[in-house]
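Only one structure is covered here, and it is reproduced in the block below.
Letters A, B, ... are given to chains in the order of the sequence lines, protein chains preceding strands, and every chain is numbered from 1.
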Protein chains: 2
Amino acid sequence: MGISKTEIFTDQQNEISRFAKAFGHPARVAILQHLFKIDACVCGDLVNEIGLAQPTISQHLKELKHLGLIKGSIEGTRVCYCINAKNWTAMKQIMLGFLNQDISTNEECC
Amino acid sequence: MGISKTEIFTDQQNEISRFAKAFGHPARVAILQHLFKIDACVCGDLVNEIGLAQPTISQHLKELKHLGLIKGSIEGTRVCYCINAKNWTAMKQIMLGFLNQDISTNEECC
DNA sequence: TTACTTTATTGCAATATTACGATTAATAGA
DNA sequence: TCTATTAATCGTAATATTGCAATAAAGTAA
């Protein structure tokens with residue numbers, strides 16, 4: 001049905017999947033990588049950097065902002081976006097907990 | 001259009017987003033966590049563990065298998081699934097590279 | 001004011017995802 | 001053989017996502 005049954009999963013599982021979903025599109029990965037690369041905040045030249053139309057970029061930025069991974073501040077007609085370092089670190093801890101899971105035994109089972 | 005323009009992104013960006021998309025659903029997160037927890041390979045009792053119908057679980061397993069994160073071997077009428085440790089480690093390296101990005105300056109910009 | 005620049009929003013089309021009932025396929029056991 | 005058991009696949013409905021043209025909104029500069 002295109003709708004996830006979030007209610008049957010733990011908060012942790014839902015949180016992991018919410019963050020992962022944000023990274024589940026190459027445009028958002030590219031946006032974040034670019035914001036990391038350019039120390040100074042970067043505005044709408046993300047549209048030039050990435051090859052998507054302005055409304056599309058704006059939509060991806062909205063999602064990332066909604067998740068708290070980036071923040072934007074208005075500077076005249078432009079909007080300056082950058083990584084929300086604090087939230088990024090918090091997200092990272094959650095994702096690391098998931099990625100660093102380890103198998104107890106060394107046996108190959110399947 | 002529901003279709004991602006993968007051709008305008010780097011292989012790395014596409015790979016990150018492909019893995020992330022796999023984790024972008026709580027059921028798949030739950031499946032992986034359960035496979036990690038139960039050392040011995042676990043079969044279709046994932047259906048009982050997680051509250052989704054058998055065809056739905058089977059579909060999620062197929063995606064994870066297709067990505068190479070799990071492997072399954074047939075044991076009679078049952079199928080035993082487990083983490084593909086080697087591929088998981090490789091995936092982890094890629095995701096860590098993305099998550100561990102750092103901002104060069106300490107100034108808060110926005 | 002008017003013209004311009006930049007970004008957000010709206011509306012829509014195309015495609016993808018999620019979920020499950022029904023069915024099929026394959027094996028095990030009687 | 002016949003009958004369970006288990007998992008994959010098919011088909012389909014509901015919903016989500018992606019992308020962009022058109023437009024709106026909000027500021028700047030003349």
Legend entry - Separation of atom CG in B/L61 from atom C1' in C/dT17, rounded to whole Å: 16 Å
Inset, instruction - Would you indicate what A/I57 reaches in the nucleic acid, counting non-hydrogen atoms under 4.0 angstrom: base, sugar-phosphate, or nothing? - result: nothing
Inset, instruction - Can you measure from CZ (A/F23) to CE (A/M91) and round to the nearest 0.5 angstrom? - result: 3.5 Å
Inset, instruction - Check whether more than 12 heavy atoms from other residues, nucleotides or ligands sit under 6.0 Å from atom CD1 of A/I8, and answer yes or no. - result: yes
Inset, instruction - List the atom of A/A20, the atom of A/M95, and the distance in Å for their closest heavy-atom pair. - result: CB-CE, 4.1 Å
Inset, instruction - Report yes if a side-chain nitrogen or oxygen of A/H25 is closer than 4.0 Å to either non-bridging phosphate oxygen (OP1 or OP2) of D/dG19; otherwise report no. - result: yes
Inset, instruction - Any chance you could measure A/L64, atom CG, to A/H25, atom NE2, to the nearest 0.5 Å? - result: 11.0 Å
Inset, instruction - Rounded to the nearest angstrom, tell me the gap between atom CG in B/L64 and atom P in D/dA8. - result: 12 Å
Inset, instruction - Please state whether the rings of A/F36 and A/W88 are parallel, tilted or perpendicular, taking 30° and 60° as the class boundaries. - result: perpendicular
Legend entry - A/T6 or A/K62, whichever maps to the more 5' nucleotide of DNA chain C: A/K62
Inset, instruction - Kindly state which residues belonging to residues 8-22 of chain B come within less than 4.0 angstrom of DNA chain C, counting heavy atoms of the residue only, listed by number. - result: B/K21
Inset, instruction - Ignoring backbone atoms, test whether A/Y81 places a side-chain nitrogen or oxygen under 4.0 Å from the OP1 or OP2 oxygen of C/dT6. - result: no
Legend entry - Flag if over 12 foreign heavy atoms under 6.0 Å of CD1, A/I94: yes
Inset, instruction - Give the nucleotide from the list C/dA8, D/dG19, C/dA19 with an atom nearest to the side chain of B/T56. - result: C/dA19
Legend entry - A/E63 CD to C/dT7 P, straight-line distance once rounded to whole Å: 18 Å
Legend entry - Nearest-angstrom distance from the residue atom NE2 of B/H66 to P of C/dA16: 14 Å
Legend entry - Nearest-0.5 Å distance, NZ of residue A/K62 to CD1 of residue A/I57: 15.0 Å
Inset, instruction - Report the distance from atom CD of B/Q13 to atom CG of A/L32, rounding to the nearest 0.5 Å. - result: 10.5 Å
Inset, instruction - State which of C/dT6, D/dT6, C/dA19 makes the closest approach to the side chain of A/R78. - result: C/dT6
Inset, instruction - Round to a whole Å and report the spacing from CD of B/Q59 to P of D/dT12. - result: 15 Å
Legend entry - A/H60 vs D/dT17: side-chain N/O to OP1/OP2 distance below 4.0 Å: no
Inset, instruction - Count the heavy atoms belonging to other residues, nucleotides or ligands that lie under 6.0 Å from CG of A/D11, then report whether that count exceeds 12. - result: no
Inset, instruction - Mark up nucleotides 21-30 of chain C, 5' to 3', with B wherever a protein heavy atom is under 4.0 angstrom from a base atom, S wherever such an atom reaches only the sugar-phosphate, and - elsewhere. - result: BB----B---
Inset, instruction - With the side chain of B/S58 defined as its heavy atoms from C-beta on, choose the nearest nucleotide among D/dC20, D/dA8, C/dC20. - result: D/dA8
Legend entry - Rounded distance in Å - CZ (A/R28) to C1' (D/dA16): 12 Å
